[in-house]
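Following: one structure in structure tokens, then a few remarks.
In listed order, ligands and their atoms are each counted from 1.
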Amino acid sequence: MILRITVVLVLAAACMAQKLELDLATSALLQERLQRGVVPLKKRQAAISQVFHEAGCPVEAQRVDKSFGNVICTLRGQTDSTIIVGAHYDFVERGTGIVDDWSGTALLPSLFEALKKGPRQHTFVFVAFAKEERGLIGSTLFVKKLTAGDRKNIRAFVNLECLGLTPPKVWSSRSNSELIGRLDELAKTLGILVDRVNVDKVGDDDTRPFFTARIPVISIHSITQETFGILHSSMDRLDYIQKDDYYDAFRLVAFYLAYLDMKL
Ligand SMILES: [Zn+2]
């Protein structure tokens with residue numbers, strides 16, 4: 001079985017073409033990594049740690065906050081300018097929590113893998129957050145522990161929440177306009193249309209503590225009015241994930257991160 005393919009994206013600019021080359025996991029590998037989340041809540045932390053390990057971020061190199069359980073993998077770039085990419089691995093224990101939010105969490109190792117061939121300007125920090133459903137606890141403590149120097153270096157926080165129900169969407173009222181603009185530019189090159197769906201009235205996500213700390217954020221999800229009822233219900237299962245939409249979300253975010261690395 002082929003697990004990874006090298007994909008080259010040519011960005012057409014006014015007077016020159018730039019190339020982004022990434023090693024992308026195949027859809028079959030993404031599905032296998034989704035399946036790995038079908039475990040009880042208490043086994044989720046070990047599951048994401050293992051998938052990171054297999055994707056080239058060995059367990060010894062991972063940082064785990066002992067007291068609250070965030071699992072962190074860092075891909076060092078040539079500078080300290082940092083882009084953080086996050087998703088939460090806990091769930092409410094109705095259904096199997098694959099949509100909310102193993103779908104985002106399971107992409108983190110594949111994104112790490114896509115970018116690791118480098119070289120990258122930015123340092124990328126991939127964070128699988130704990131206890132989002134109990135009040136954004138993992139992300140709040142993560143932001144609280146940042147030093148003033150860390151904060152100054154963070155250029156963006158990209159949050160992945162509930163992917164694969166529909167084509168990727170952006171929560172535009174929460175997200176930074178420059179980051180949305182860059183996403184639109186890149187999505188256009190890939191031929192993916194990213195609709196705006198705001199969820200201010202019905203939910204929150206791990207962007208809040210970053211947003212409150214004045215760090216530019218973007219929240220990428222796939223929730224619509226029609227699919228919202230799947231979350232926190234017995235329908236939150238692997239079979240609700242649309243393989244093609246999920247793969248589009250992966251391609252989009254992988255190239256987006258490489259694009260931000262050039263542009264921020
Ligand atoms: Zn969630």
Side-chain angles (χ1 to χ4, degrees), residues 30 33-45 47-48 51 65 68-72 84-111 126-143 157-175 194-212 215 217-242 245-246 249-250 252-253:
L30 292 196
R33 288 176 174 169
L34 275 177
Q35 182 71 45
R36 303 279 286 279
V38 187
V39 292
L41 178 57
K42 61 177 188 298
K43 297 207 166 152
R44 277 274 180 97
Q45 185 185 314
I48 190 57
V51 181
D65 294 301
F68 46 95
N70 295 337
V71 179
I72 303 166
I84 300 179
V85 190
H88 70 91
Y89 69 77
D90 63 310
F91 65 109
V92 295
E93 294 189 275
R94 282 188 290 276
T96 54
I98 294 298
V99 175
D100 185 7
D101 179 32
W102 188 256
S103 61
T105 301
L107 277 196
L108 300 174
S110 302
L111 293 167
F126 297 88
V127 192
F129 290 114
K131 301 181 182 156
E132 190 263 5
E133 303 288 3
R134 302 204 359 224
L136 314 176
I137 292 176
S139 53
T140 301
L141 291 172
F142 180 90
V143 171
F157 171 60
V158 180
N159 192 51
L160 307 175
E161 178 72 78
C162 304
L163 299 170
L165 293 173
T166 68
K169 310 280 184 277
V170 63
W171 179 0
S172 61
S173 59
R174 169 62 60 88
S175 304
V194 181
D195 283 333
R196 278 80 174 123
V197 176
N198 295 327
V199 293
D200 306 70
K201 294 211 176 81
V202 290
D204 209 344
D205 70 15
D206 285 320
T207 55
R208 175 170 291 282
F210 291 88
F211 176 80
T212 305
I215 293 167
V217 304
I218 185 163
S219 179
I220 299 170
H221 65 89
S222 72
I223 304 162
T224 56
Q225 203 145 23
E226 294 72 32
T227 54
F228 183 70
I230 292 170
L231 312 182
H232 297 194
S233 84
S234 60
M235 290 183 291
D236 185 340
R237 299 189 312 261
L238 182 56
D239 50 309
Y240 277 85
I241 303 242
Q242 309 295 318
D245 290 339
Y246 189 62
F250 171 54
L252 175 69
V253 177

Next on the checklist: Just by distance, no angles: are the side chains of Asp205 and Ser219 close enough, under 3.5 Å, to form a donor-acceptor pair?
Outcome noted: yes
Checklist entry - Side chains of Asp236 and Thr96: donor-acceptor distance under 3.5 Å anywhere? => result no
Item to check | CZ (Arg134) with more than 12 external heavy atoms under 6.0 Å | outcome: no
Next on the checklist: According to ring-ring contact (aromatic ring centres under 6.0 Å, His included), who are the partners of Phe250, at least two apart in sequence or on a separate chain?
Outcome noted: Tyr247
Checklist entry - Is the distance from the Zn ion (ligand 1) to the nearest N/O/S atom of Cys162 under 2.8 Å? => result no
Item to check | Which atom of Glu161 approaches the Zn ion (ligand 1) most closely (N/O/S) | outcome: OE2
Item to check | Nearest to the Zn ion (ligand 1) - the N/O/S atom of Asp100, by atom name | outcome: OD1
